[in-house]
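Computation of the quantities below employed the complete heavy-atom set of this structure, encompassing side-chain atoms and omitting hydrogens, waters and symmetry-equivalent molecules. Atoms within a ligand are numbered from 1 in the order they appear, just like the ligands themselves. Bear in mind that the values here come from a model prediction, so they are computed numbers and not experimental data.
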Amino acid sequence: MELSDLSEIESKVLNQLQGVVDPELGSDIVDLGMVKGVVHHDDGHVLITVALTTSGCPLRAQIQRDIHSKLSHIQEITKIKINWTELTQDEKSDVMARARLNISQEETVTQIPRTAKSIMIASGKGGVGKSSISANIASGIAQRGFTVGVLDADIWGFSIPQMLGLSGRLEGDEETRKIKPVERKSGAGVLKIISMGFLIDEESSSLNWRGLILNRAVRHFLEDVEWGHLDYLIIDMPPGTGDVQMGLAKMLPRSDMIVVTTPSKTVQNVAARVANMARSYYLRIAGVIENMSYFVNNDGEKYFIFGQGGGKELAGELGVPLLGSVPIDENVSKGSDQGNPVILGDGQASVALNDIVDVIINDAVPLNKITDCSAYIEQETAVELNR
Ligand code: ADP
């Protein structure tokens, strides 16, 4: 495929495909040379040829879904067709070499295990329940037996330690000179938490820190924290689009993002801006969560206090699924104040949040399964042989 021959729309498509990561190889499919052709027809149809390591690879479905999600917001495209082919043996070796090179270059940057799925929880503005959702989702995933890192990157308004009932200080490992996260059991799993709250005493004192310093602090959290094994990393992002958000997007290009919104139109608009920033850094938007969707009184009557349908509209606009809607429930704020996430207790919000966690782990952001098409295994073996 000659880049110079591509039309404007075909270049746009290729640009978006740079955000589609082969789940096993960990690099994007354009960089790996797996995209063999992009043809856009005047009727809005686009035909993409993708060569896989093995044509029967079960991860094909995930790659296909990601391609659809990436291309869905290019207005000019009306239909996407993917022609799947298989890499030749030589191409396969090149792809593996490229993937290995990318990994070796990346490993110096973050200490987050390559197999961990990182999910940024983002919102356009504060007060929509982004931190509450982060704390609850992390606890819910861990409760199902996973090891979940929580990076409280909402440095101006950190609230994760309080919501998870933790105080204390971060400690360093004398030998490795790395910071150790604060750990807490959650059901069958473990939470490993890093927050500015473990470094400074007053939330208000972080307000005086300048953007650049904060950005460095977050960098340290990624580079100098000994996370150890992680299945998931949940990142509570600061609201909006600023230096810290962009720094994180650059450092974690394989991250997925979940956007939290409320039913209100204004919140929906600012949330769309955050999603677009993320996409410009090639992050994948895994879905939208609508919080504070409605209130049910003791007689079972439902009130749509902040309006109706904002989450669904935002999801439609972004071309991603609505992962669920969480009602207004006093148990959410009570749970946060007491350090007992509501997801581990009862009530309507708990039910909704548990459903969302199931959707995330089963469908929206499943862990990579090592399969028999596993380029991953092949790649790992090759890494060992090279040593
Ligand atoms: P953000 O991180 O977006 O600034 P928070 O998670 O801190 O928002 O939530 C803001 C306030 O709203 C908190 O007091 C929290 O307890 C409350 N809250 C969040 N979600 C709900 C909900 N579904 N029902 C009731 N209260 C909620």
Would you indicate whether the side-chain heavy atoms of Arg279 and Ile285 approach each other to under 4.5 Å? yes
Report the residue from Ile234, Val288, Ile360 that forms a side-chain contact (heavy atoms from CB on, under 4.5 Å) with Ile258. Ile360
Please tabulate protein-ligand N/O pairs under 3.5 Å for ligand 1, atom names and distances to 0.1 Å.
residue	atom	partner	partner atom	Å
ligand 1	2 (O)	Lys130	N	3.4
ligand 1	2 (O)	Ser131	N	2.8
ligand 1	2 (O)	Ser131	OG	2.9
ligand 1	3 (O)	Gly127	N	3.2
ligand 1	3 (O)	Val128	N	3.1
ligand 1	3 (O)	Gly129	N	2.9
ligand 1	3 (O)	Lys130	N	2.8
ligand 1	4 (O)	Gly127	N	2.7
ligand 1	6 (O)	Ser131	N	3.4
ligand 1	6 (O)	Ser132	N	2.8
ligand 1	6 (O)	Ser132	OG	2.5
ligand 1	8 (O)	Gly129	N	3.0
ligand 1	20 (N)	Asn291	ND2	2.9
ligand 1	23 (N)	Asn291	OD1	3.0
ligand 1	23 (N)	Pro327	O	2.9
ligand 1	24 (N)	Asp329	N	3.0
ligand 1	24 (N)	Asp329	O	3.3

Answer yes or no on whether Lys302 is positioned over the face of Tyr294, meaning its NZ or CZ is under 6.0 Å from the six-membered ring centre and within 45° of the axis. yes
Sequence-distant partners of Asp355, salt bridge (charged side-chain N to carboxylate O under 4.0 Å, His left out), two or more places apart: none
salt_bridge(Asp231, Lys117) N-O dist < 4.0 Å: no
Close side-chain approach of Ile80 and Ile48, heavy atoms under 4.5 Å: yes
